[in-house]
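Quick notes on the structure that follows.
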Amino acid sequence: MKRQLRFAVGIGVVLVAIAYFAFAGYNEGKAYYKTIDEVATLSADDAEKRLRVAGLVKDGTIERDGRELRFVLAQSIHSDENTMVVNYVGTAPVPDTFKDRAEAVVEGKRLPDGTFEADHIQAKCASKYEAKYGADAQHPEGVDP
Amino acid sequence: MIQIGNYAVALALAFCAYAIFGVFYGAKTGRRELVRSGERSVYATFAFVTLAVVALVTLLLKSDFSVEYVAGYSNRDLPFFYKIAALWGGQAGSLLFWSWILTMYGALVAFRNRNYAGKLVPYTLGVLSVTAMFFLIMNKFAANPFTRLVFDHEGATRIFTAPDGRGLNPLLQHPAMVIHPPMLYLGYVGMVVPFAFCMAALLARELGSGWIKLTRRWTLTAWLFLGTGVLLGGRWAYVELGWGGYWAWDPVENASLMPWLTSTAFLHSVIVQERKNMLKVWNVVLILATYLLAIFGTFLTRSGIVSSVHSFAQSSIGTYFVVFLAIAGLAAVYLVVSRLAFLKSDNQLDSYASREASFLFNNLILLAACFAVLWGTLFPVLSELIQGEQVTVGAPFFNKINVPIGLFLLFLTGVGPLLAWRKTSFTSMRRIFLWPTLAGIIGGALSVVLGARSIYPIMSFAISSFVLVTLISEFARAARARMRNTKENALAALYGITATNKRRYGGYIAHLGFLMLLVGFTGQAFTTEGWGEVNVGEKFTIGKYEFECRDIKDIDDPNYNGMSATIALSKNGKELSVLTPEKRFYPASEQSTSEVRMYHAATEDVYVVFANIKEDTNKAVMQVWINPLVSWVWAGGYVLALGTLVTLLPNRVERRLTRRKKAVENLLRETDKVSAA
């Protein structure tokens, strides 16, 4: 019995260490999913947090300056409501799938002036891989995912 | 062809259903002929799924755009090779491909064990067929690749043919991407085989190490495919995605890593069961977890429950998977619990300084790693359920946990194989570990001298040196002993010891590969990154390297168009290479890609991406990464695969035993004949 206990202690130590690393990593890496309208009305407290916001890249708003990038992220490509100016300052080039009307997820912080400073962008080419061929054929202008 | 495909899937489904009935009912009631017919249905299922695959490939090659799948994932100008790869480029096709591999494995299991008389193999075929049935149902009803394109015309549904397809995702148009999915599938699906054997053992109440011996090669083969698939995926991401790395902790990457972690744990812990008859329940749980994680991984890729770069179109198949996972999980847990009495351990742990204890900790942290990865992957879903707010954890979470786990695992790789079973005495420990420990200290110190400043890289180099010396000393000790006995030269002796004990030395080679992988991962701590804006004739410098832009020109190909830059790379005034990174645009899928170009120096990769053209100045923006030690990752993968292959080779002893067994069987048959006469 004593022997079993000794192993239990060893296992416990390993698990506690891992749990500690997990907790530390969680605090460092966590980001909150918010929608664009939620970002606009964030409390001062929440504005400090790392956020992750999904939306669509508004047509013709992508401006590149060297590695820096500005664009407007919108809830819907058909309406001007719920939009947000995103300033990308990350080191990696934006993914190739990033383009007008692509579905994009940006990660970063909201600045006091209301713009969003992102250091990470994920993009998915929405029109093709989300919509079925048949559905798309009926709506040549593309469908909202 | 469409009709052939549809009928083939339907017939496969029918034969699969009959196979399940035949093998289970036949084995249970002892009707040999029923089992035989069930086995033949397993072959028939495979034959019809093969026919369906041939039909789909034919449709893809003929560019028949009246089929939704062909129109969605191929186009006329797509190169021949990628038209075939389109088979697994989309949801429905890749699921059919899954079924094909699974039924192929089923047929192989049936064929390899065709003379087997007990219950284990029929039950195994039954469990395999149940899984195949699930996938075939999806091929038929939820994601049928033979569906025709239709549109609504004034309330009536009409079929039509698209003028051209939308093309295979250009990111998938890469040689590594052609091999990566099949490898991964062979691995994922291969894990179903040991699981099926395990469930069969539970059903038949034959829970010694028999099923483990029968499945060792299956498990190792599947594990090899899975690992190769994961690494190829990383390699593809590295050369194709252009963000300078090969692993991003993306949900789908995680999904492929998790069954690899649990199966790695399984490969190690079965040794304890074979040798000491311990950890029986544990092994059952590990293979069950591997199976569920393999199915779960397939589901995660397709359901869109977590956002990922890999996600296929969202569809109803998520529900099918959840139901199947729940049923499979519950049935398996019920089986394990009801057979607990047969799974008693014969031995206990004695000492920390024992082989068993090192296996225990190996398993513990592999599972902890798997659990952490699972938790992190599902955190957005879980946090929404619990807090009503989606939270992601991101790369820092995964790295924080998995870096120390990786180092600990590497440490065990060095220690474990050298410890004796049961207990190692202090004096022998001192004898075994003196030199490795010294090597570790020297390795760590050397890395500091060479510029490592943070704790993990230093530890990584120290532990790697430690493990390397243990591995060398293991080979050296055995080879020296053999040289004394056989008077062979060193090389022949090394070959000799490996050939006589392939499991042991193959395992060591695999461990060496793992060590090289971790050294490669450590290189990430020293990555340098920068960029330059250039016109033709201009230069920029990053680190020790100088980049000169010699040319920027347009490119034109039937499949894509774009721009190509010619960049001369030099170091200390000496020209090393000329790189031509490209920016491409694929009209069929309206998508652009960056073609990365790399220069492989001895210890580092110079990685150049054509990021974009700056609008106001018309200069090309080049993004550069200097990634030390990345080639160690791929080299480590090769060594790991080589080691696994060595352990897979048949052993001389085994061959002799099989020969003897055959002789005995023949003798028995003869005596039977004699007594019958």
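Order of the sequence lines fixes the chain letters, A, B, ..., with proteins taken first and strands second; residue numbering starts at 1 for each chain. Predicted model only: the values in this text are computed from it and were never measured.
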Using non-hydrogen atoms only, which part of [X] is less than 4.5 Å away from chain A: side chain, backbone, both, or neither?
{"X": "B/I405", "answer": "side chain"}
{"X": "B/K583", "answer": "side chain"}
{"X": "B/F398", "answer": "neither"}
{"X": "B/W375", "answer": "neither"}

Q: Flag the one option from B/T392, B/V609, B/V391 with the top tally of heavy-atom pairs under 4.5 Å to chain A.
A: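 Max contact count across the listed options: B/T392.
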Q) Any idea which of B/S594, B/G245, B/G394, B/G244 has the most non-hydrogen atom pairs under 4.5 angstrom with chain A? A)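 Maximum pair count with chain A is reached by B/S594.
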Quick check: closest heavy atoms across [X] and [Y], and the distance to 0.1 Å?
{"X": "A/F7", "Y": "B/A357", "result": "CE2-CB, 3.8 Å"}
{"X": "A/G29", "Y": "B/P396", "result": "CA-CG, 3.8 Å"}
{"X": "A/Y26", "Y": "B/V393", "result": "CD1-CG1, 3.6 Å"}

Q. Hey, which residues of residues 362-372 of chain B are touching chain A, say heavy atoms under 4.5 Å apart?
A.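 Within residues 362-372 of chain B, the residues that come under 4.5 Å of chain A (heavy atoms only) are B/L364, B/I365, B/A368.
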**Q.** Separation between CZ of B/F361 and CD1 of A/I11, rounded to the nearest 0.5 Å
**A.** 5.5 Å
Q: Nearest 0.5 Å please: distance from the OH atom of A/Y20 over to the NZ atom of B/K400.
A: 6.5 Å
Q) Got a sec, which pairs hit salt bridge (charged side-chain N to carboxylate O under 4.0 Å, His left out) with one end in residues 29-41 of chain A, sequence neighbours left out? A)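 Pairs touching residues 29-41 of chain A that pass the test: A/K34-B/E389.
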Q: Measure distances from A/L15 to the heavy atoms of chain B and classify the residue's part below 4.5 Å as side chain, backbone, both or neither.
A: side chain
